[in-house]
**Q** 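Let me begin by handing over the structure; questions about it come next.
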Amino acid sequence: MDEYQEMERFGMDNDFEDGQWINGEFYYKKRKEKRTQTKDDVLYGVFASDTDSEDDGSASRKRRKEFGKKPDLTKPVNFVSTGTVMPTQEIDKNSKAENDNNFFDDNENDSRPGLGSSGGLGFDGNYSLQKSDGNVDGDEDGEKSFLPTAFGRKIKEGAQRREKERERLRMEKKSLGGRREIGGGNGDVGAFEKHTKGIGMKLLEKMGYKGGGLGKNEQGIVAPIEAKMRPKKMGMGFNDFKETKLPGLQQLEEKKSVTRQPVGRAKERLWSKNAKGRKKEEYITAEELLAKKQEEGIEVVQKVIDMRGPQVRVLTNLENLDAEEKARENDVPMPELQHNLKLIVDLAELDIQKIDRDLRNEKETALSLQKEKEKLEIEASRQKQQLANMEQIVSVLGQIEEENSSGKLTLESLAKSFRDLLRNFADDYKLCNLSCIACSFALPLFIRMFQGWDPLENPSYGMEVISTWKDVLQREDSYDIWEDVTTPYSQLISEVVLPAVRISGINTWEPRNPEPMLGFLESWEKLLPSSILHTILDTVVMPKLSRAVDSWNPRKETVPIHVWVHPWLPMLGQKLEGLYQTIRMKLTNVLDAWHPSDSSAYAILSPWKTVFDSVSWEQLMRQYIVPKLQIALQEFQINPADQKLDQFYWVMSWASAIPIHLMVDLMEKFFFVKWLQVLYHWLCSKPDFEEIKNWYMGWKELLPQELLANESIRNQLNCGLEMMVQAADHVPVVQPGLRENVTYLKVREQRQFEAQQRAAAHAQQPAAAGLGTTAQMDGVPEMSLKEVVEAYALQHDLLFKPKPGRMHNGQQIYGFGNISVIVDSLNQKVYSQKEDGWSLVSLDDLLKMHYNSLARRR
């Protein structure tokens, strides 16, 4: 055992001097100097022999190091302290030593050491300079081991009394240190008051000062702030450097430290099993922890790595960065240990949450894999069943192939076989596109069946067989026209039915007899695909109709064109728009020589009112029908004694065809003017009111409902009714139109009289003169050429008005009766339209041309 006693213990105790663990931290006085290796150590290692020469050498080196240092003779003799050394004691000891040196320099008389203060037996003379705030009351064991004799205790008590006296004097000196320095270092605090009248104290007393600190609650300091020299290049709070404090506050903190000492010891003993008030450990399960975190809403916790210190710390959140400093400020026992334990607990919670999250992910993965497995099993079973179906389909197709090669195959047996396949294997039927295979087998049989078929003579032939094969060959979800073209059913119809329809339609069908083709298309409407139907209409029907319209002559043909064109409207629709222009052009050529007494025009035009667009129809009526009806109403005479209604019936027959606004304008200008004038003259001749009533009701019944529903027509009838009421009440009847604008009538009569005179003067001049000069009459104002022509037309009861939208060389074209004229006001000339163009005419020539046109039309 002796050889093992020579071995050093492996650990940190041999690396530091006076090292110990306090509150979980290792404190030491200084690090031990390592022995330098010699050549033998390098050569032999642990087998080198230990000699005392090395120890002697190290001691000699230490003495040489301290040789040049001057001793401080003012310091008393010190003993080496046996207490614990804190990390902050070195700075406190040095700073206190400097303060004590300054104090000893000022008080040379008090610096003499007393009995036992310099080198007394077992006493450290510099004890007061080495004690700290935390070691005022040393450990009880240390007090018992320090100077155990009575003599030693007396020496200690005397030294302590002297130390306290020096401390008290030093504090008083510091409280008046500022005044002493200002007064040139005088030790008397109030020495400067001898040379003054004490005005400062008197002012303070008058303000209520009675001593103590200033302020309402005497919170001001009494002692001046102590100035304490910091070590060079040291910042505030570095290494727990004790700042200067007021004497009162320092004594208060000393009392608090004295009273707090047992509490600290009690806290230090909480780890003991016998400690009272120890809390019972509380455990929490993983399920409770996860439930708590779920309630808090914390799903993901990330680790925080703290690399600010000498060691790397792993934290769970940023709140734990300063947990150790906060615990030290709150005087928590063993803050480092508690902090480390909290970190361990947090990391454990983090691991539990991570494991739970991984477990959930694995469960979800297992569930998804289970579903995927089920899907794959279903797919495998489906493919297995599909393989069995394919084998049965192949066997059926083999039997059909054998029947086809032997010539025993018929359309009925083939349709039955494919209907069974469609019913038993619907999905595989679509997947393998068996309809194309069926079409390939059925197409030769259908061509043989429909050979020599005329669809116009026998349209119902083969419809039952085609309807049977429609379900077999055509897909139910085929609605697009482009998909409809590519279906096997469409291909079958285009190869079998379409050629027969094209041959019959082109060779034997007449467009003026649409019934055969319409009968076929209506019969096959549900069986023909939309693409085939459009092909028949575009390639067979429309070309034949176009050629028939081009060859149509309305003067010679007795069958109206709408009889064989309108039946195609439901099928062709907008495709017939190209034919409408040709039809309107041929109708207008016939209407130029039409007279209102000919009712065939109404029979031809009225069916086209709903077919033509409203603009084209109105233009046709305004240009070719309304002017003829105006002439008829102008020639119409209203005679209650012998009334002839032929012309009136001509006009009323067009009431349903002509737009209502044109018809109302026609009736107001050319019928009701005459009608009201006749009624006015009749009422002025003492008539029989019963006859007038019957006459009024008779005319009202002759008007169609389209006109009676119009407000303007009703106003005209009400005007006549008011005239009848005035006559019945023996009130003078107002002439129609005079009450509205009497001035207008006077001006009109005057201008009519002037126009007659001017017209007579112009009639006497030759046409070559071009109406260029007019004779001025005495007292008659000058009239424009347009007004002259208008007055001349009014004199002969002709209509003179501009034609909307018609211009020639920038000049407006007017209608003078049935003649188109141009009034050149700048050159005072009138031109009329003839077959060879526009020619210069006179007013008499215009009147003759108008009557000649009426004679030609009759």
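Nothing here was measured: the structure is a model prediction, and the numbers come from that model.
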**Q** Using only atom types and a distance under 3.5 Å, with no angle test, would you say the side chain of N507 pairs donor to acceptor with the backbone of I503?
**A** yes
**Q** Could you check whether any side-chain N or O of K801 sits under 3.5 Å from a backbone N or O of G815, counting only pairs where one atom can act as donor and the other as acceptor?
**A**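 Side chain of K801 to backbone of G815, a donor-acceptor pair under 3.5 Å: no, none is there.
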**Q** By side chain to side chain contact (heavy atoms under 4.5 Å, CB included), which residues pair with Q833, not counting sequence neighbours?
**A** R806, S820, W838
**Q** Has W453 got a side-chain atom pairing as donor or acceptor with G462's backbone, closer than 3.5 angstrom?
**A** no
**Q** Are side-chain heavy atoms of V501 and L456 found at a separation under 4.5 Å?
**A**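 Not in contact.
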**Q** What closest approach, in Å, do P567 and H562 show between heavy atoms, and which atom pair accounts for it?
**A**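 In terms of heavy atoms, the two residues are closest at CD-O, 3.8 Å.
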**Q** Answer with yes or no whether the side chains of S551 and N553 bring together a donor and an acceptor at under 3.5 Å.
**A** no
**Q** Of the non-hydrogen atoms in W617 and A657, which two are nearest, and what is the gap between them?
**A** NE1-O, 2.8 Å
**Q** Count the heavy atoms of every other residue, nucleotide or ligand shown that sit under 6.0 Å from CD of E457, and state whether that count exceeds 12.
**A**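 Not buried by this count: 12 neighbours or fewer within 6.0 Å.
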**Q** Using the side chain to side chain donor-acceptor pair (under 3.5 Å) rule, take N433 and S435 through it: C-alpha gap first, then chi angles, then the decisive distance, then the call.
**A** CA-CA 5 Å; N433 200 8; S435 58; 3.2 Å; yes
**Q** Does a donor on one side chain sit under 3.5 Å from an acceptor on the other, for S597 and Y649?
**A**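 No - no donor-acceptor pair under 3.5 Å links their side chains.
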**Q** Indicate yes or no: at least one non-hydrogen side-chain atom of M652 is less than 4.5 angstrom from one of L702.
**A**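 They are not in side-chain contact.
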**Q** List in chain and number order the residues that pass ring-ring contact (aromatic ring centres under 6.0 Å, His included) with W509, two or more places apart in sequence or in another chain; answer none if no residue qualifies.
**A**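 Result, ring-ring contact (aromatic ring centres under 6.0 Å, His included) vs W509: W568.
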**Q** Are side-chain heavy atoms of W608 and V565 found at a separation under 4.5 Å?
**A**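 A side-chain contact exists here, since the closest heavy-atom pair is under 4.5 Å.
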**Q** Looking only at side chains, do S490 and T487 share a donor and an acceptor under 3.5 Å apart?
**A**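 A donor-acceptor contact under 3.5 Å links the two side chains.
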**Q** Tell me if the CD atom of E711 is crowded by more than 12 foreign heavy atoms within 6.0 Å.
**A**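 No, because the 6.0 Å sphere around CD of E711 holds 12 heavy atoms or fewer from other groups.
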**Q** Check L572 against M542 and note the closest heavy-atom contact, atom names and distance.
**A** CD1-SD, 3.6 Å
**Q** Below 4.0 angstrom, N of the basic side chain to O of the carboxylate: do E402 and K408 qualify?
**A**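 Here E402 does not pair with K408 in a salt bridge, since their nearest N and O are not under 4.0 Å apart.
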**Q** Would you indicate whether Q619, at its atom CD, is surrounded by more than 12 heavy atoms from other residues, nucleotides or ligands within a distance under 6.0 Å?
**A**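 Atom CD in Q619 is not packed in, count stays at 12 or less.
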**Q** Do N513 and W564 have side-chain heavy atoms sitting under 4.5 Å apart?
**A** no
**Q** Walk me through it: do I532 and Y489 pass the test side-chain contact (heavy atoms from CB on, under 4.5 Å)?
**A** CA-CA 11 Å; I532 303 299; Y489 179 72; over 6 Å; no
**Q** CG/L629 to CG/L662 distance, rounded to the nearest 0.5 angstrom?
**A** 10.5 Å
**Q** Ignoring hydrogens, what is the shortest heavy-atom contact between A601 and L591? Give both atom names and the distance.
**A** CB-CD2, 4.1 Å
**Q** Using only heavy-atom distances, determine whether the side chains of Q383 and E379 contain a donor-acceptor pair under 3.5 Å.
**A** yes
**Q** Do D538 and K575 meet the salt-bridge criterion of a basic N to acidic O distance under 4.0 Å?
**A**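 Counted as a salt bridge, because a side-chain N and a carboxylate O are separated by less than 4.0 Å.
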**Q** At their closest point, which heavy atom of M667 faces which heavy atom of L703, and how far apart are they?
**A**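 Of all heavy-atom pairs spanning M667 and L703, the closest is CE-CD2, 3.8 Å.
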**Q** Kindly indicate, with the supporting measurements, whether the criterion salt bridge (charged side-chain N to carboxylate O under 4.0 Å, His left out) is fulfilled by E510 and K544.
**A** CA-CA 8 Å; E510 288 294 332; K544 298 280 284 188; 5.3 Å; no
**Q** Can you confirm whether more than 12 heavy atoms, excluding those of D427, are under 6.0 Å from its CG atom?
**A** no
**Q** Between E706 and M663, is the side-chain contact (heavy atoms from CB on, under 4.5 Å) condition met? List the steps.
**A** CA-CA 10 Å; E706 293 85 354; M663 196 68 186; over 6 Å; no
**Q** Evaluate the side-chain contact (heavy atoms from CB on, under 4.5 Å) criterion for residues L708 and R714: first the C-alpha distance (whole Å), next the side-chain angles of each, then the deciding distance (0.1 Å), finally the verdict.
**A** CA-CA 6 Å; L708 290 176; R714 291 198 302 269; 5.7 Å; no
**Q** Do W650 and W594 have ring centres separated by under 6.0 Å?
**A**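 So the answer is no for these two rings.
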**Q** Any side-chain to backbone donor/acceptor pair from K803 onto Q812? Under 3.5 Å, distance only.
**A** no
**Q** Taking the six-membered ring for Trp, are W699 and F648 closer than 6.0 Å centroid to centroid?
**A** yes
**Q** Around atom CD1 of I305, are there more than 12 heavy atoms of other residues, nucleotides or ligands at under 6.0 Å?
**A** no
**Q** Between R512 and V559, is there a side-chain heavy-atom distance shorter than 4.5 Å?
**A** no
**Q** Can you confirm whether F446 sits close enough to I466 that some side-chain heavy atom of one is under 4.5 Å from a side-chain heavy atom of the other?
**A**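 SC-SC contact between F446 and I466 confirmed.
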**Q** Quick check against the 3.5 Å criterion: does K292 have a side-chain atom that pairs as donor or acceptor with the backbone of E287?
**A**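 The answer is no, because no donor-acceptor pair under 3.5 Å joins these two groups.
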**Q** Is there a donor-acceptor contact under 3.5 Å from the side chain of K470 to the main chain of K526?
**A** yes
**Q** Taking the side chain from D356 and the backbone from I352, do they hold a donor-acceptor pair closer than 3.5 Å?
**A** no
**Q** Got a second to check how far L533's CG is from L498's CG, nearest 0.5 Å?
**A** 11.0 Å
**Q** Scan side-chain atoms only and decide if Q385 and R382 contain a donor-acceptor pair under the 3.5 Å cut-off.
**A**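 Q385 vs R382: no donor-acceptor pair found between side chains.
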**Q** Could you walk me through whether V651 and F636 pass the side-chain contact (heavy atoms from CB on, under 4.5 Å) check?
**A** CA-CA 10 Å; V651 176; F636 176 63; over 6 Å; no
**Q** Does the pair D550/R547 count as a salt bridge with the N-to-O cut at 4.0 Å?
**A**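 The answer is no: the pair does not qualify as a salt bridge.
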**Q** Hey, does I437 have a side-chain heavy atom less than 4.5 Å from the side chain of I400?
**A** no
**Q** Quick one: pull up NZ in K416 and CG in L421 and give me the separation to the nearest 0.5 Å.
**A**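 Nearest 0.5 Å value for the NZ-CG distance: 10.5 Å.
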**Q** Within this structure, what is the OG1-CD distance for the pair T410 and E403, rounded to the nearest 0.5 Å?
**A**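 It is 7.5 Å, given to the nearest 0.5 Å.
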**Q** Atom CZ in F425, atom CG in N389: separation rounded to 0.5 Å?
**A** 5.0 Å
**Q** Side-chain donor-acceptor pair under 3.5 Å between S712 and N715, yes or no?
**A** no
**Q** Is any side-chain heavy atom of L431 less than 4.5 Å from a side-chain heavy atom of M390?
**A** yes
**Q** Under the 3.5 angstrom rule, does the side chain of D613 hit a backbone N or O of S616 as a donor-acceptor pair?
**A**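 Checking the backbone N and O of S616 against the side chain of D613, a donor-acceptor pair under 3.5 Å is found.
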**Q** May I ask you to decide if P459's main-chain N or O and W524's side chain share a donor-acceptor pair within less than 3.5 Å?
**A**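 Yes; at least one donor-acceptor contact below 3.5 Å.
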**Q** When rounded to the nearest 0.5 angstrom, what distance separates CD1 in I493 from CG in L528?
**A** 6.5 Å
**Q** Between Q647 and A632, what is the shortest heavy-atom contact and its length?
**A**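 Answer, listing the atom of Q647 first, then A632: OE1-O, 3.5 Å.
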